[in-house]
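Shown next, in structure tokens, is the structure this report addresses.
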Amino acid sequence: MVRLTDVEKAILRGDNGRLQQKALENIISYAEALGAQELCVVTKATLGLGAQPYLNNIQSDDYNQIFSRVYMCTDEVLDISHNKFSAECFCMTCTENCDTEDYEEVGLTKEYFDKNRRFLEVARAAGVSMASTCTPYLLGWLPLKGEHFVTTESSNAMFCNSLLGACGNPDGVEAAAWSAICGRTPKWGLHCAENRYASHEFKIECPAQSAIDWDVIGYTIGRLLPAGGIPVITGDFAYPTIAEVKQLFATIATTSGAVMCHILGMTPEGQTMTMATGGHGVKESFNVSTAEYQKSLTMLCDVTPGPVDFISLGCPHYTLEEIRDVANYISGKKIKSGVRLYLWTAYPIKEMARASGYLDVIEDAGGRIMTSSCPIMVGQSIMKQSRGVVLDGAKQAHYIRSMTDAAVYYGDKYRCIDAAISGKWDH
Amino acid sequence: MKEIIKGRGAIKGIAEGEALVCPDSIQGWAGIDEVTGVIIEKGHVAEGTSIAGRILVIPSSKGSNCWSGHFNSAMINGVKPAGWVVSQIDSRVGVAAVVVGSPMVVDFSDVDPCQVIKTGDWVKVNGDSGEVEISRQG
């Protein structure tokens, strides 16, 4: 039996409307399934909304009906547009399946674009803020230490648990919606201090000096981590920067189910090994050797050199600093005719890039800054008839293989830009 | 021959059917065909078998943050397991449990259902009592 506060009892009675009532009913069922005794207050949420492809399973054009069936798991049609999400919980949108402004460029139809905007408009009316990024922490969505959050983006969950000391479980799109609406989640798993300790040590014995190094390290840790494990990273390395740690967290969460990782001496709950493991020690230690690093690279990048025509940078979404680095490198150069070069970021950061002059430099070189999505979110249409795809994010390189027959190459942003200029990938 | 193992009832109700045991779970992304319910995960022990109407026996979830969403899509398309037996519940399984609504028993302390139950066994899942009754030939 889940213990409820007076506020929760009022929501369950329907005092805040049927939408919040149904959301809390679902959260209580979820808590009972987990064996949780009580709920905790959720103050931050990010949610994948808009015309997501899985909504096509419902044969309807009524977003209220679709939302009710898919997210709320009921045949009752709940009125989303006239029922607000929880006022206690600040909810922003996660990545969409289309660029904010341009559908033709990514191979989608105006019909789809308009439907996506229409669905998002309903969410906006319900009180959801429009951010449409996998890196909400770059835009001020920051759950701090001890704060409870939900998110549909695994790299974001990893970032907030590990680096900020906030608390969130990997629980998917339906539960994230319930929590964003009623402001509660079961007090269970990573919401409880005793479940946040490291179980497996990963000693870094490979290069750890760049974004791509940390991208590959994360991919390798996730490959080696046993199910249910929480890693602690140790070794003699300079602490990763924001651009590097962003890659690390995205790729651990690509090859494993983990959404928490300690970095010894750096992350708030991993200042010492005793803190990181709760004094229990680790079950097992792994070496992230240069051989394991190379093995990951082999899995991510095709070995045969070849022509390329689709270059995509920014997984997770680029920071302004990364866009600046691209602008500085590409300034005065031109990408090859017939080659597309995309940088993906959040739309407010694109505006900062415009104001800073980076957008002009990148566009003059023939590149584009795209927003609110990425190739794996848009799907196959974006690659059109590409012969060679080049990516600087391992998460992207991992998933895109199931979406294309083209050669897939992976490397750091400078090597990717060189490929955009020459139109080929060389080893 | 009958055997009863005991866990904790996570979703109430009673269901029975033929067991489909997946000792390495099923991945979320590209794990099941959401229209037919057939397992499409490459190299999976039950690749090509549908989850529809089966008692799904898994250790926990695997991969994708939105693991539940794939079972949700399958259910909307009319395909879902009749019941679940899960060695240790995790948050992704917890959401899938609520979304799908089929009886579920979880959290076995002294036995691993993925070892005890074999694919093809007839299994009765009692989400009220937490009992799982296994019947097999011989």
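Per chain, numbering begins at 1; letters A, B, ... match sequence-line order. This is a predicted model, so every value here is computed, not measured.
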### Query
Is there any residue in residues 174-184 of chain A with a non-hydrogen atom under 4.5 Å from a non-hydrogen atom of chain B, and which ones are they?
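Only A:Glu174, A:Ala175, A:Trp178 of residues 174-184 of chain A have a heavy atom under 4.5 Å from chain B.
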### Task
Search all heavy atoms of A:Pro375 against all heavy atoms of A:Ile400 and return the closest pair with its distance.
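Of all heavy-atom pairs spanning A:Pro375 and A:Ile400, the closest is CB-CD1, 3.8 Å.
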#### Entry: Nearest atoms (heavy-atom pairs only) where B:Leu20 meets B:Ser50
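Reported closest heavy-atom pair: CD2-O, 3.9 Å.
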### Task
Name the member of B:Asp107, B:Ile11, B:Asp90 that forms the most heavy-atom pairs with chain A at distances under 4.5 Å.
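Ranked by contacts with chain A, first place is B:Asp90.
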### Task
Scan residues 46-58 of chain B for pairs that pass salt bridge (Lys or Arg N to Asp or Glu O under 4.0 Å), counting only residues two or more places apart or in two chains.
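Every salt bridge (Lys or Arg N to Asp or Glu O under 4.0 Å) pair that includes a residue of residues 46-58 of chain B, provided the two are not neighbours, is B:Glu18-B:Arg54.
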### Ion pair check, A:Glu153 and A:Lys395, cut-off under 4.0 Å
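The answer is yes: the pair qualifies as a salt bridge.
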### Query
Is the closest basic N to carboxylate O distance between B:Lys62 and B:Glu41 below 4.0 Å?
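So B:Lys62 pairs with B:Glu41 through a salt bridge.
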### Query
Just by distance, do the side chain of A:Trp188 and the backbone of A:Gln37 share a donor-acceptor pair under 3.5 Å?
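Not confirmed, A:Trp188 side chain does not pair with A:Gln37 backbone.
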### Query
With distance as the sole test, does A:Thr151 use its side chain to make a donor-acceptor pair with the main-chain N or O of A:Asn156 at under 3.5 Å?
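No; judged by distance alone, with no hydrogens or angles, the pair does not exist.
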### Task
Look at the rings of A:Phe159 and A:Tyr137 and say which category their plane angle falls in: under 30° parallel, 30 to 60° tilted, over 60° perpendicular.
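Parallel, since the angle between the ring planes stays under 30°.
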### Query
With sequence neighbours left out, what residues match B:Asn77 under side-chain hydrogen bond (donor to acceptor under 3.5 Å, both in side chains)?
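Listed in chain order: A:Asn57.
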### Query
So, do A:Cys167 and A:Leu190 sit near enough that their side-chain heavy atoms are less than 4.5 Å apart?
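Side chain of A:Cys167 against side chain of A:Leu190, heavy atoms only: no contact under 4.5 Å found.
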### pair A:Cys40-A:Thr185: side-chain heavy atoms closer than 4.5 Å
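A:Cys40 vs A:Thr185: side chains touch.
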If we define contacts as heavy-atom pairs under 4.5 Å, which of [options] has the most with chain B?
options	answer
A:Gly189, A:Gly35, A:Ser256	A:Gly35
A:Ala253, A:Gly228, A:Ala157, A:Ser154	A:Ser154
A:Pro186, A:Ala258, A:Gly257, A:Pro170	A:Pro170

### Task
For chain A, find its close neighbours in residues 92-102 of chain B: heavy-atom separation under 4.5 Å, sorted by number, or none.
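Listed by number: B:Arg92, B:Gly94, B:Val95, B:Ala97, B:Val98, B:Val99.
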### Task
Check whether B:Ile89 gets within reach of chain A through its side chain, its backbone, both or neither, counting any heavy atom under 4.5 Å.
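Contact with chain A involves both backbone and side-chain atoms of B:Ile89.
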### Query
So which part of A:Ser29 gets closer than 4.5 Å to some heavy atom of chain B, the side chain, the backbone, both or neither?
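Contact with chain B: backbone and side chain both.
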### Task
Check whether more than 12 heavy atoms from other residues, nucleotides or ligands sit under 6.0 Å from atom CG of A:Asn56, and answer yes or no.
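For A:Asn56, atom CG is crowded (more than 12 foreign heavy atoms under 6.0 Å).
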